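Report on the following structure.
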Amino acid sequence: MSRGTAIDLCYLVAAIGFIIALKALSSPRHARAGNLLAAVGMALAIGATFARTGLGHIGLIVIAMAIGVAIGVPAARLVKMTAMPQMVAAFNGVGGGAAAVVSITEFLSVDPKTLATYKVLEVVFGVLVGSLSLSGSALAFAKLQEMMSTRPITYPAQQVINGVVGLAILGFVLTILVTSSTTLLWILLGLSVVLGVIFVLPIGGADVPVLISLLNSFTGLAVAASGFTLDSNVLVVAGTLVGASGMLLTRMMSVAMGRSLPNILFSAFGSVVTASGSTEGAGGRSVRTGTPEDIGTLLAYSRRVVIVPGYGLAVAQAQHTAKELADTLLAKGVEVFYAIHPVAGRMPGHMNVLLAEANVPYEELKEMDEANPEMPATDVALVVGANDTVNPAARDTPGSPIYGMPIINADEAEHVVFLKRSMRPGFAGIDNALLYDPKTTMLFGDAKDTLQKLVAAVRKA
Amino acid sequence: MTNGLLELFTVFVLAAFVGYEVISKVPSILHTPLMSGSNAIHGVIVVGSMVVMGSAHTGAEETLGFIAVILATLNVVGGFVVTDRMLNMFRSRQPERPGGSDQPEPEDGGQS
């Protein structure tokens with residue numbers, strides 16, 4: 001067996017590892033092993049690449065990898081669980097950037113004039129999608145990190161500008177296909193970076209998870225395109241796997257929000273606070289605030305309490321305190337479970353990850369569909385840092401931008417308690433009529449603080 | 001269209017179907033780890049970056065290749081480490097209160 005064949009076989013084994021890894025992610029039991037398997041496959045692929053005949057600059061490659069590891073491992077280890085979504089965005093972005101650079105470098109290393117048109121097309125696709133993913137992810141990172149406004153950003157003639165940039169890119173792509181010009185390829189790279197930015201600007205913070213999933217899928221496709229350019233099966237397989245899975249995940253996420261993908265991407269959702277919500281909300285209606293003691297007593301003497309966690313729980317790192325409260329209530333004989341909205345937090349499964357961190361048992365976590373039938377028989381719905389995912393406007397107000405999004409029917413419980421930092425609307429920027437409902441009690445403050453006070457109050461009650 | 005391209009295209013189409021089928025069975029609670037895990041997998045671009053770096057002839061190619069290897073390595077290690085941390089949490093509650101002992105979690109579950 002020649003060395004080349006052996007290397008290709010290693011790539012095949014790596015590709016199989018990736019597929020099995022994705023499969024293993026379908027069950028919590030095997031997911032971790034699956035991830036490790038993918039990592040082993042990746043190590044195998046990297047090792048095999050080192051063994052390629054004629055691979056030069058091995059020293060420099062090792063140095064570059066060492067730099068990558070030195071930055072990447074601490075960043076990934078130290079990041080807080082709340083910041084995971086933006087971390088995924090960042091690592092996705094650099095992957096897209098790498099794909100774009102690989103494509104462009106391969107283009108530089110050959111005489112472009114000798115390239116078949118389809119080869120040029122592969123390069124152009126890799127550069128375009130890779131750099132779009134890079135700048136788009138960077139902006140998504142900035143939004144989630146709240147380095148900039150999480151609101152959709154709109155400006156005059158936005159559609160016209162987008163259209164012009166889009167047409168310019170199309171024009172450059174066609175010209176590059178004909179002329180194989182390297183200069184134009186660099187300009188295309190710049191324009192794609194711009195496209196990534198103007199593509200993400202009008203997308204509101206609440207929709208950024210869907211966006212990251214989409215960009216993740218894009219990066220996969222850019223990697224596949226680089227694979228075509230380099231004639232590499234393993235790049236094509238792995239890139240395409242991610243491309244296909246990312247598309248599917250993106251669709252599932254938009255379904256969970258009750259909206260179509262084009263609507264999420266192009267409607268500048270949440271930039272206008274709609275009439276239905278704001279007039280009612282701003283109309284001087286009062287909210288009822290309670291003391292921790294009142295609410296603690298209410299909780300302690302309930303039969304069933306449902307905790308509805310949201311992003312506020314993540315921000316306050318209150319998952320351990322939430323569990324403490326649940327355990328305290330359970331010890332008092334109160335039935336407690338968590339109702340998890342599929343898009344609570346900033347990524348699907350965000351809440352599950354957080355509560356898992358606090359060792360909340362599986363049985364206490366209920367998915368939305370499972371939890372909703374239980375709500376009418378619930379004494380208290382304790383909403384911890386969630387807002388949009390319990391907003392009845394999604395169910396009852398056809399004019400609302402979130403109309404049609406499935407929600408947790410917290411309003412069907414006998415009492416609703418909101419633990420919130422302020423009256424500020426949620427991520428989607430829409431007012432929530434449930435806050436003004438007579439059966440609602442508010443407790444303002446950081447979720448961790450207020451939960452701690454509630455734990456103390458329940459113990460005393 | 002050459003045979004080589006057709007071969008790659010075949011691989012592409014089949015991989016697209018495999019990706020779709022494998023993913024469609026993932027429960028929603030694992031969506032975040034899945035996104036992160038697949039994010040790590042497209043870090044396989046590190047192989048491509050090594051190949052272009054390894055065959056670089058000019059200073060420009062070397063520089064670009066060097067940058068590509070750094071970026072791709074970041075993608076790989078960051079992706080896998082983040083995913084592992086997320087999944088570690090799922091696993092840590094699997095042994096459900098074995099002896100009633102308060103599971104100590106000194107590694108990183110505590111403060112992170």
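Chain letters run A, B, ... following the sequence lines, proteins first and then strands; every chain starts at 1. Just so we're clear, the structure is a prediction, and the values are computed from it rather than from any experiment.
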| request: Ignoring hydrogens and angles, tell me if any N or O in the side chain of B/D84 forms a donor-acceptor pair with the backbone of A/R32 under 3.5 Å. | output: no
| remark: Rounded to the nearest 0.5 Å, the CD1 atom of A/I67 sits from the OG1 atom of B/T73 at a distance of 9.5 Å
| query | At a heavy-atom separation under 4.5 Å, does A/F50 approach chain B through its side chain, its backbone, both, or neither? | reply | both
| Just by modelled atom types, is the A/R77 backbone N or O under 3.5 Å from a matching donor or acceptor in the B/R85 side chain? | yes
| query | Say you draw a straight line from OG of B/S38 to CG of A/L22; how long is it, rounded to the nearest 0.5 Å? | reply | 6.5 Å
| task | Check each atom of A/M65 against the heavy atoms of chain B and say whether the ones under 4.5 Å are side chain, backbone, both or neither. | result | both
| note | Okay, A/A75 and chain B: the region with an atom under 4.5 Å from a heavy atom over there is neither
| task | Examine distances only and state if a side-chain atom of B/H42 and a backbone atom of A/V223 form a donor-acceptor pair shorter than 3.5 Å. | result | no
| Proximal component of A/L230, with respect to chain B [non-hydrogen, under 4.5 Å] | side chain
| Region of A/L36 that comes under 4.5 Å of a non-hydrogen atom in chain B | side chain
| note | When the 4.5 angstrom heavy-atom criterion is applied to A/S245 and chain B, the contacting part is both
| Among A/V88, A/N216, A/V101, which has the most heavy-atom pairs under 4.5 Å with chain B? | A/N216
| remark: Taken to the nearest 0.5 Å, the spacing of B/M50 CE from A/I46 CD1 works out to 6.5 Å
